[in-house]
Structures are given as C-alpha cells and as structure tokens.
Amino acid sequence: MILDGKKISEQIKTEITEEVKIFSAKNNFVPGLGCILVGSIPASEYYVKSKVKSCGEVGFYSKLNKFDSTISENDLLFEIEKFNNDAKIHGILIQLPLPNHINEEKILQSVIPEKDVDGFNPINVGKLVLGQKTFVPCTALGILEILKRYKIETMGKHVVVVGRSNIVGRPIANLLSQKEYGNAIVTIVHSASKDIASFTKQADILIVAIGKPKFITANMVKNGSVVIDVGINRIQKGNESILIGDVDFENVKNVASAITPVPGGVGPLTIAMLLQNTLLAAKLSVGGNY
Ligand code: NDP
C-alpha cells in the first residue's frame with residue numbers, strides 16, 4: 001500500500017479551512033503566519049512559497065519577510081522581535097538553513113514559545129520530552145498523522161528511526177516512545193551505528209531521515225513492515241532534476257506492507273501540520289486549549 005501524504009494533506013487543509021471559518025466568525029480575526037527567509041537558496045525559496053500559498057488556501061493571513069544573506073544576526077533578531085510583537089501573527093516560521101555567520105540556535109530561541117509553531121524553541125522541546133502539551137515539530141507531527149489516518153498500530157511495535165536530527169529523528173523517536181503518542185519500542189540509529197541493516201531489518205515501522213538518496217535498500221527491510229521515508233534529495237536524471245527519498249522506493253515497496261513515496265509522502269504533511277500548529281497558536285491566543 002502506498003501511504004498517500006498528498007491526499008491526507010488535502011483532507012487536513014479542507015478541515016482547517018472549515019475550522020478557520022468558524023474561528024474567524026467567533027473571534028473577528030484569522031490565524032496568521034509570519035515567515036522569514038534569509039538568502040536565496042532555491043529549495044528554501046520553494047518551501048517558503050509553498051507555505052505562504054497554503055496559508056492563502058485555508059484562509060490564513062501570512063506575511064513573508066525576505067532578507068539578503070548578508071543580514072546581521074542582530075538585525076535578524078530585531079525582525080523576529082517585530083513578529084513576536086505583531087498581533088496579526090500567531091505563528092513564526094524561520095526557514096532553515098540560515099547563513100553560516102548567523103547562530104541558528106540563538107535565532108530559533110528568539111521566537112517566543114507561544115508563536116513557535118515549528119516546535120524548535122528549547123522551552124517547547126523540553127515540554128515535548130517531558131510529555132507535556134506543546135507545539136510538536138511539523139514533520140514529526142506529520143508522520144504521526146500518516147500513521148493515525150492509515151490506522152497503523154504503533155503500540156508495542158518496534159520502531160527503528162534512522163537519523164537523530166533535532167528537526168526529525170529525535171522528536172519522532174521521542175514521541176513514538178511516549179505512552180500517549182506511540183507506546184512503541186524505539187531504536188535510533190545514526191552515522192556511528194555499525195551494520196545498520198541489522199537494526200533496520202528488525203523494524204515493524206522504519207522511519208528514515210538522513211538525506212542520503214536510496215540509502216535503504218530492499219534487503220535492509222523486514223517483510224511486511226511499514227516504511228516512512230522522510231528524505232528529500234534532489235538529483236539530476238538526464239536533463240531533469242528530480243526528487244527522491246532516502247529509501248529505494250521501487251524495490252522496497254515490494255517488501256514493505258506500506259510505504260510513503262517521495263515526493264507526495266511526508267513532505268505535504270509537514271506543510272499541513274504547520275497550518276495546524278498555526279491554527280492551534282491562534283486558538284491558544286484567545287484562551288483555547290491544546
Ligand atoms: P540532518 O542532516 O540534520 O540529520 C541527518 C541525520 O542522519 C543525522 O543524525 C546523521 O547522523 C544521520 N546520518 C547521516 N548519514 C548517515 C548514514 N550513512 N547512516 C546513518 N545515519 C546517517 O538532516 P534532517 O533530519 O534535517 O533531514 C534528513 C532528510 O529529511 C533530508 O533529506 C531532508 O531534506 C529531509 N527532510 C524532509 C522533510 C519533509 O518535510 N519531508 C522535513 C525535514 C527534512 P549524525 O547525527 O551521526 O550526524
């Protein structure tokens with residue numbers, strides 16, 4: 001079975017559109033997302049544009065502030081502070097990566113926790129680790145949503161997560177190990193792991209987020225397992241530039257019982273979850289609950 005992230009994301013966007021109508025009728029404002037883009041990396045420009053476009057589709061207000069890659073760290077902090085204080089903005093997105101002269105950690109910490117819809121502020125990361133309600137990073141939340149909507153059982157299952165980044169690997173591994181979200185047995189492997197296949201072959205659910213094209217091959221996957229491919233790698237195929245995942249989709253789909261494609265798997269869910277978190281931030285701003 002192909003796990004169709006595009007279809008689920010469209011469903012979620014329709015649900016959010018309906019919720020926004022009800023929310024704005026009651027509160028006289030719409031949820032707003034403030035986006036910050038530094039420099040002109042084509043992939044980053046593409047992602048930010050998709051996020052802004054999606055905001056329009058569901059009835060959100062959005063504002064995109066673009067800056068030259070030479071902007072100083074202090075000036076960028078000042079710009080974030082403006083969004084922190086802007087009543088029309090409920091969520092702030094800083095498109096990563098940032099130029100080398102800017103301390104990414106410092107920038108992410110400057111987004112106030114109430115508007116941290118990416119879930120990267122240390123206060124929200126701490127809450128997540130402690131199992132408290134907070135903003136969950138969008139890609140991890142998207143993976144949970146795919147598992148939930150396709151009714152894939154996680155309780156007591158062995159989940160193997162390949163990759164331990166703060167953006168994907170760590171949060172999804174943490175959430176799935178928690179009783180409330182996954183109640184699974186979780187193994188994390190990374191670049192220092194020897195014989196990765198010996199771990200991945202044990203996985204009932206295999207989640208891969210490393211950024212290495214077709215790294216996971218069919219002989220590394222257990223028969224009947226569920227494979228979630230987070231990787232987005234742009235490669236040249238003839239004259240064409242195409243996107244492929246970290247999993248050798250064409251061969252692994254014959255071994256797995258269910259698999260996400262790239263593109264059209266986790267990617268669209270990440271954007272849908274950003275919208276969901278922004279709606280949540282707007283609700284919290286008027287006294288709503290998680
Ligand atoms: P990072 O580069 O931040 O982290 C990569 C992780 O993979 C690290 O933990 C690294 O290990 C590990 N790793 C790298 N090489 C290997 C290897 N050969 N064997 C085992 N582990 C390895 O990447 P991200 O987590 O940010 O992104 C991963 C991929 O997911 C990328 O392709 C990215 O584009 C994509 N992505 C997709 C999203 C979506 O919406 N679908 C959202 C975010 C990312 P170590 O810690 O030891 O260095």
Subject >> CD (Gln236) with more than 12 external heavy atoms under 6.0 Å >> reply: yes
Original post:
Taking C-beta and beyond as the side chain, do Val38 and Ile36 meet within less than 4.5 Å on heavy atoms?
Top reply: yes
Original post:
Minimum heavy-atom separation for Leu3 to Tyr150, with atom names?
Top reply: CD2-CG, 3.5 Å
**OP:** Treat each ILVMFWY residue as a node, draw an edge where side-chain heavy atoms are under 4.5 Å apart, and state whether Ile207 and Ile8 are in one component.
**Re:** yes
**OP:** Could you tell me the separation between the OG1 atom of Thr278 and the NZ atom of Lys51, rounded to the nearest 0.5 Å?
**Re:** 10.5 Å
**OP:** Step through the shown structure and confirm whether more than 12 heavy atoms of other residues, nucleotides or ligands are within 6.0 Å of CG on Asn100.
**Re:** no
**OP:** Could you tell me whether a side-chain N or O of Glu153 sits under 3.5 Å from a main-chain N or O of Met155, the two making a donor and an acceptor?
**Re:** yes
Original post:
Does the side chain of Asp68 pick up a donor-acceptor pair with the side chain of Thr70 at under 3.5 Å?
Top reply: yes
Original post:
Would you call Tyr181 and Thr154 a side-chain contact if the rule is heavy atoms closer than 4.5 Å?
Top reply: no
**OP:** Check for a donor-acceptor pair, side chain of Asn121 on one end and backbone N or O of Val111 on the other, with a separation under 3.5 Å.
**Re:** yes
Original post:
Going hydrophobic residue to hydrophobic residue with side-chain gaps under 4.5 angstrom, can you get from Phe60 over to Leu141?
Top reply: yes
Subject >> Min side-chain heavy-atom separation Leu76-Ile107 under 4.5 Å >> reply: yes
**OP:** Identify the heavy atoms of Gly163 and Ile188 that sit nearest to each other, and give their distance.
**Re:** O-CG2, 3.9 Å
Subject >> Minimum heavy-atom distance between Ile271 and Ser54, given as atom pair plus value >> reply: CG2-OG, 3.4 Å
Original post:
Who passes side chain to side chain donor-acceptor pair (under 3.5 Å) against Lys21, sequence neighbours left out?
Top reply: Glu18
**OP:** Let me see the working for Asp204 and Lys222 under salt bridge (charged side-chain N to carboxylate O under 4.0 Å, His left out), right down to the final yes or no.
**Re:** CA-CA 7 Å; Asp204 300 313; Lys222 182 165 94 172; 2.7 Å; yes
**OP:** With the side chain counted from C-beta on, respond yes when Ile12 and Thr14 share a heavy-atom pair under 4.5 Å apart, and no when they do not.
**Re:** no
**OP:** Could you tell me which residues satisfy side-chain contact (heavy atoms from CB on, under 4.5 Å) with Asn219, sequence neighbours excluded, listed by chain and number?
**Re:** Thr217
**OP:** Any chance you could measure Leu77, atom CG, to Gln109, atom CD, to the nearest 0.5 Å?
**Re:** 10.5 Å
Original post:
For Glu105, does the CD atom have more than 12 heavy-atom neighbours from other residues, nucleotides or ligands under 6.0 Å away?
Top reply: no
Subject >> Ile196 backbone acceptor or donor facing Ser193 side chain under 3.5 Å >> reply: no
Please report, to 0.1 Å, the donor-acceptor pairs under 3.5 Å made by any side chain of residues 282-290, with sequence neighbours excluded.
| residue | atom | partner | partner atom | Å |
| --- | --- | --- | --- | --- |
| Lys283 | NZ | Glu19 | OE1 | 2.5 |
| Ser285 | OG | Ala282 | O | 2.6 |

**OP:** Determine, using the 4.5 Å side-chain heavy-atom cutoff (strictly less than), whether Leu275 and Leu269 are members of one ILVMFWY cluster.
**Re:** yes
Subject >> Test item: side-chain donor near acceptor, Asn65 and Lys63, under 3.5 Å >> reply: yes
**OP:** Nearest 0.5 Å please: distance from the CD atom of Gln11 over to the CG atom of Asp4.
**Re:** 9.0 Å
**OP:** Write down the atom of Val255, the atom of Ala218, and the distance for their closest heavy-atom approach.
**Re:** CG2-CB, 3.9 Å
**OP:** State, yes or no, whether a side-chain contact exists between Ile232 and Tyr47 at a heavy-atom distance under 4.5 Å.
**Re:** yes
Original post:
If you look only at pairs with a residue in residues 155-177, which of them pass as a salt bridge (Lys or Arg N to Asp or Glu O under 4.0 Å), with sequence neighbours excluded?
Top reply: none
**OP:** Measure across Thr260 and Gly265 and return the closest heavy-atom pair with its distance rounded to 0.1 Å.
**Re:** CB-CA, 4.1 Å
Original post:
Between His190 and Ile210, is there a donor-acceptor pair closer than 3.5 Å when you use the side chain of the first and the backbone of the second?
Top reply: no
**OP:** Kindly assign one of parallel, tilted or perpendicular to the pair His90 and Phe29, based on the angle between their ring planes and the thresholds 30° and 60°.
**Re:** parallel
Subject >> Inter-residue atom distance Glu79.CD - Ile94.CD1, 0.5 Å rounding >> reply: 10.5 Å
Original post:
What is the distance from atom CG of Leu279 to atom CE of Met273, rounded to the nearest 0.5 Å?
Top reply: 11.0 Å
Original post:
When you look at Asn103 and Leu98, which way does the side chain to side chain contact (heavy atoms under 4.5 Å, CB included) test go after all the steps?
Top reply: CA-CA 8 Å; Asn103 182 335; Leu98 294 170; over 6 Å; no
**OP:** Evaluate side chain to side chain contact (heavy atoms under 4.5 Å, CB included) for Ile235 paired with Ser241, printing each intermediate quantity in order.
**Re:** CA-CA 6 Å; Ile235 60 153; Ser241 160; over 6 Å; no
Original post:
Short question: side chain of Asp116, backbone of Ile112 - any donor-acceptor pair under 3.5 Å?
Top reply: no
Subject >> Leu176 reachable from Val162 in the ILVMFWY side-chain graph, under 4.5 Å edges >> reply: no
Original post:
Can you hop from Ile152 to Val161 via hydrophobic side chains spaced under 4.5 Å?
Top reply: yes
Original post:
Looking at side-chain heavy atoms only, is the closest gap between Pro171 and Asn166 below 4.5 Å?
Top reply: no
**OP:** Look at atom CD1 of Ile123 and say whether more than 12 heavy atoms of other residues, nucleotides or ligands are closer to it than 6.0 Å.
**Re:** no
**OP:** Report the distance from atom CD1 of Ile185 to atom NE2 of His158, rounding to the nearest 0.5 Å.
**Re:** 7.5 Å
Subject >> Side-chain touch Phe120/Ile167, heavy atoms, less than 4.5 angstrom >> reply: yes
Subject >> Flag, side chain of Ser69 to backbone of Gly39, donor-acceptor distance under 3.5 Å >> reply: no
Subject >> Heavy-atom pair of closest approach, residues Asp229 and Gly245 >> reply: OD2-CA, 3.2 Å
**OP:** Evaluate whether atom CZ of Phe78 has more than 12 neighbouring non-hydrogen atoms of other residues, nucleotides or ligands under 6.0 angstrom away.
**Re:** no
**OP:** May I ask you to decide if Phe83's main-chain N or O and Lys115's side chain share a donor-acceptor pair within less than 3.5 Å?
**Re:** yes
**OP:** Please check if atom NZ in Lys214 has more than 12 non-hydrogen atoms from other residues, nucleotides or ligands closer than 6.0 Å.
**Re:** no
**OP:** Step by step, work out the side chain to side chain contact (heavy atoms under 4.5 Å, CB included) result for Leu144 and Ile172.
**Re:** CA-CA 8 Å; Leu144 293 181; Ile172 192 61; 3.9 Å; yes
Subject >> Side-chain donor/acceptor of Thr200 to backbone N/O of Met220, under 3.5 Å >> reply: yes
Original post:
With sequence neighbours left out, what residues match Val52 under side-chain contact (heavy atoms from CB on, under 4.5 Å)?
Top reply: Cys35, Val48, Ser62, Leu64
Under 3.5 Å, sequence neighbours excluded: what are the donor-acceptor pairs made by side chains of residues 129-140?
| residue | atom | partner | partner atom | Å |
| --- | --- | --- | --- | --- |
| Lys133 | NZ | Glu180 | OE2 | 2.8 |
| Thr134 | OG1 | Asn124 | OD1 | 2.8 |
| Thr139 | OG1 | Thr270 | OG1 | 3.2 |

**OP:** Given salt bridge (charged side-chain N to carboxylate O under 4.0 Å, His left out), test Glu45 with Lys49 step by step and report yes or no.
**Re:** CA-CA 6 Å; Glu45 285 184 335; Lys49 262 191 208 156; 5.8 Å; no
Original post:
Taking the side chain from Asp248 and the backbone from Ile216, do they hold a donor-acceptor pair closer than 3.5 Å?
Top reply: no
Original post:
Should Ile146 and Lys148 count as side-chain neighbours, where that means a heavy-atom distance under 4.5 Å?
Top reply: no
